[in-house]
Amino acid sequence: MPAKTTLDAPAVPAEAVTPLIRGVTVLRRLTEAGGTLSASGLERATGLARSTVDRITSTLARMGYVRLDGRDIMLAPRVMELGNAYLAALGLPALLSAHADALADELDESVSLAVGDRDGIRFIHQATRRRAMSLSFRIGDLLPAERTAPGPLFATEWTDAEWRTWRERRAADPEDRGFTAVPPRGHRSSDADSDDSEDFHDFDDSEDFDDFDDFDDSEDLGVHEDLRDLGDFERRTARARKDGWALDDQLIEPGLVAVSVPVRDPRAGGRIACVASVVSHTSRHTAAHLRDTLLPRLRTAVAEMERELREAPEPERAAAPAGLATWTGASKQELGREFVESLARGLTVLTAFGEGRAELTLTDVARATGLARATARRALITYEHLGLVRQSGNRSFALTPRVLSLGFPPLSRTTLAEIAAPHLAELADRVHESASLAVLTPSGEEVQYLARAATSRVMSVNITVGTRLPAYATSLGRVLLSDLRPGEGQPGARGELRPLTPRTITDPAALTAALQEARTRGYALVDEELEEGLRSVAVPVRDRTGRVVAAVNVAMHAARRSVEECVRDVLPELLETAGRVEAELRVAGRFARVSVG
């Protein structure tokens with residue numbers, strides 16, 4: 001079994017729901033493995049019996065949280081609704097992410113927002129730059145506080161108990177094996193070794209840490225590197241308290257540097273709401289240069305974020321999902337023993353939280369989910385034990401950042417092609433024809449294929465991912481062109497409308513009419529205009545805003561289905577597939593950036 005993380009909890013309460021604990025363990029192990037494990041690998045990783053693993057994964061598959069692909073169990077985008085519930089309840093990404101994105105664009109460097117998670121930090125937003133040397137951290141990744149720039153800032157607010165927890169964790173896991181997002185400690189890398197070390201050690205920290213003076217001079221310090229690390233983090237925390245910012249000079253790995261500033265919430269007495277960081281590489285900035293050149297701009301951006309927090313109106317209480325208890329009951333009746341109803345009902349408790357629903361009482365949770373109070377109470381007790389829920393006063397409960405550990409990191413950088421691929425494969429199996437997803441190229445002249453599921457036939461449509469075809473002569477292109485807004489160009493302006501077959505529409509007015517028809521009907525059917533004998537029908541894929549970002553189609557030889565049969569038999573299947581892709585795209589794209597191109 002892998003090393004336990006800081007999320008593992010002791011002593012299970014008598015009222016905890018065992019199947020829920022096991023289900024959470026399965027989701028966490030899949031997350032730590034990058035999103036995919038074989039059934040036997042999941043059995044080894046969790047220590048659960050194979051029959052238990054099978055029942056849990058069957059339940060999670062029914063909920064849309066995992067996908068069963070042969071021997072593999074894969075996290076599915078819908079599991080991100082759990083992390084979305086936390087991020088929506090937190091409210092910070094919705095308020096601050098635009099400021100972080102603007103700063104990243106201005107500086108041409110990666111910018112992140114992180115919150116404290118016990119003795120670690122967890123990312124809630126990432127605005128990364130696309131480079132050969134780019135930041136690999138994802139939303140939801142957990143890092144040890146002492147190896148980051150935000151860590152000392154959060155530590156300035158730690159209690160004595162939290163410092164003890166940190167020391168115990170460092171003693172139990174000196175190599176950081178429990179933090180799968182960072183490389184294990186394989187070398188000594190601290191501020192004391194950097195070129196700027198005097199910046200961190202040229203002050204008298206005796207007032208802040210009197211009891212560490214003797215510790216720093218002890219013989220043990222020269223023998224045990226871990227003890228030296230402990231004292232170094234204490235000193236960095238003292239300096240962060242004094243300066244109001246902190247540096248990471250290659251603490252995580254060689255070459256990675258960052259500067260961080262806390263974002264304080266005026267509505268919470270000035271406590272740290274999150275920490276904003278600018279992250280770069282030593283090939284572009286040394287830590288000192290990052291501090292000297294980019295820290296002032298970071299501070300300005302943080303001031304804007306704090307103003308946003310101060311002026312933001314109270315969020316409206318969004319409606320909670322409805323009918324969850326009824327759905328789980330119906331699923332149990334249909335699947336029988338293979339559906340673990342207590343697991344499914346327990347997971348629905350997390351989705352009761354959200355925008356304007358940051359803190360909920362037991363009654364609120366029961367009402368939102370349709371569960372009995374006793375059932376909701378046991379789920380909350382279980383989550384509190386697992387560190388996913390905390391009591392927030394006034395008999396209320398709130399989600400913790402650890403909810404992001406349930407599948408969010410591996411999926412936070414998913415692409416539209418990855419979302420669509422399994423649905424295209426299912427569509428191709430149902431209609432026995434090839435299915436594809438494509439986007440419009442920037443010029444608007446061509447469509448580019450991003451994902452494809454071919455069917456096994458002697459004569460089939462032979463197109464590969466990456467292929468570009470003229471937009472005006474394809475069903476995919478017609479759907480995409482039909483959504484263009486006024487001022488985005490006219491079809492005839494996107495290059496010459498060449499006759500590819502005798503049926504190809506080449507008159508701009510006729511093409512404009514065809515696009516209007518596609519917009520009105522919600523689909524486009526192209527009959528032997530790209531190639532003789534090739535018939536295809538396509539429908540749009542829309543994002544959360546309603547914009548068409550891609551199209552999916554089914555293509556076939558004209559001899560296999562008439563135009564009428566395409567509309568009657570294929571189009572409904574195509575619309576259902578597009579709906580499934582859109583549903584997952586909405587979940588995945590709520591707080592994470594889904595790459596379309």
Side-chain angles (χ1 to χ4, degrees), residues 6-7 9-11 13 15-17 20-21 24 81-96 113-122 124 140 142 145 154-162 165 262-275 309-310 312-321 345-369 371 373-406 408 591:
T6 55
L7 302 186
E15 293 183 90
V17 184
L20 184 53
I21 294 176
V24 167
E81 71 181 14
L82 302 178
N84 285 347
Y86 164 73
L87 293 172
L90 182 67
L92 295 179
L95 290 173
L96 307 182
L113 300 177
V115 294
D117 189 349
R118 289 189 180 177
D119 59 352
I121 71 155
R122 199 178 290 272
I124 59 170
L142 178 69
F154 286 117
T156 63
E157 296 184 345
W158 283 0
T159 63
D160 290 343
E162 288 169 323
T165 298
V263 180
R264 299 186 180 276
D265 190 348
R267 302 167 302 182
R271 290 185 63 83
I272 298 175
C274 66
V275 170
L309 292 178
R310 182 170 54 254
E314 287 296 321
E316 295 184 8
R317 195 174 179 88
R345 289 188 166 183
L347 289 173
T348 66
V349 166
L350 296 179
T351 63
F353 296 82
E355 186 176 359
R357 305 176 64 83
E359 296 184 359
L360 298 176
T361 65
L362 172 58
T363 300
D364 291 333
V365 172
R367 184 182 298 118
T369 59
L371 299 175
R373 280 174 56 89
T375 302
R377 178 175 174 273
R378 292 189 64 200
L380 289 168
I381 288 173
T382 305
Y383 285 135
E384 192 172 9
H385 159 69
L386 295 173
L388 299 168
V389 163
R390 61 177 176 82
Q391 295 195 40
S392 58
N394 298 322
R395 304 178 69 180
S396 295
F397 298 87
L399 301 182
T400 74
R402 269 170 296 293
V403 174
L404 292 172
S405 71
L406 305 182
F408 209 94
F591 293 106

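With a 4.5 Å cut-off on side-chain heavy atoms, Ile272 and Val263 do not count as touching. Proximity of Asp265 to Arg271: side-chain heavy atoms (C-beta onward) are nowhere separated by under 4.5 Å. Between Val17 and Arg345, the closest side-chain pair of non-hydrogen atoms is not below 4.5 Å. The side-chain heavy atoms of Leu362 and Arg395, taken from C-beta on, include no pair separated by under 4.5 Å. In this structure, Phe408 and Asn84 have side chains that are in contact, with non-hydrogen atoms separated by less than 4.5 Å. Asp119 has its side chain within reach of Trp158: a pair of non-hydrogen atoms, C-beta onward, lies under 4.5 Å apart. The side-chain heavy atoms of Leu90 and Leu399, taken from C-beta on, include no pair separated by under 4.5 Å. Phe154 is listed as a side-chain neighbour of Ile121, based on a closest heavy-atom distance under 4.5 Å.
Glu15 places no side-chain N or O within donor-acceptor distance of the main-chain N or O of Ile381, the cut-off being under 3.5 Å. Judged by distance alone, the side chain of Arg378 and the main-chain N or O of Ala16 form a donor-acceptor pair under 3.5 Å. Remark: the backbone N or O of Thr348 is not paired with any side-chain donor or acceptor of Thr369 at under 3.5 angstrom. For the pair Arg357 (side chain) and Ala352 (backbone), a donor-acceptor distance under 3.5 Å is present. Panel note: side chain Arg122, backbone Gly140; a donor-acceptor pair is recorded below 3.5 Å. Between the side chain of Ser396 and the backbone N or O of Ser392, no donor-acceptor pair lies under 3.5 Å.
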Practice task
Let me see the working for Leu20 and Leu386 under side-chain contact (heavy atoms from CB on, under 4.5 Å), right down to the final yes or no.
Solution key: CA-CA 10 Å; Leu20 184 53; Leu386 295 173; 5.6 Å; no
Practice task
Assess whether side-chain contact (heavy atoms from CB on, under 4.5 Å) is satisfied between Leu142 and Leu404, documenting all intermediate values.
Solution key: CA-CA 9 Å; Leu142 178 69; Leu404 292 172; over 6 Å; no
Problem - Audit row: Thr382, Val24, side-chain contact (heavy atoms from CB on, under 4.5 Å) steps and yes/no - result: CA-CA 10 Å; Thr382 305; Val24 167; over 6 Å; no
Handout entry: side-chain contact (heavy atoms from CB on, under 4.5 Å) evaluation trace for Phe353 with Leu82
Key = CA-CA 9 Å; Phe353 296 82; Leu82 302 178; over 6 Å; no
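Taking every heavy atom of both residues into account, Cys274 and Leu113 meet most closely at SG-CD2, 4.4 Å. Of all heavy-atom pairs spanning Val349 and Ala379, the tightest one is CG2-CB, 3.8 Å. Scanning both residues, Arg118 and Gly387, for their nearest heavy atoms gives NH2-CA, 3.9 Å. When all heavy atoms of Glu162 and Glu157 are compared, the pair lying nearest together is OE1-O, 3.9 Å. Contact detail for Thr400 and Tyr86: the closest heavy-atom pair is O-CD1, 3.4 Å. A pairwise comparison of heavy atoms in Ala94 and Phe591 identifies N-CE2, 4.5 Å as the closest pair.
Rounding to the nearest 0.5 angstrom, the gap separating the CG atom in Asp160 from the OG1 atom in Thr165 is 11.0 Å. Atoms CZ and CG, from Arg377 and Leu371 in turn, are 14.5 Å apart once rounded to the nearest 0.5 Å. Within the model, atoms CD of Glu359 and CG of Asp364 stand 10.5 Å from one another, a figure rounded to the nearest 0.5 Å.
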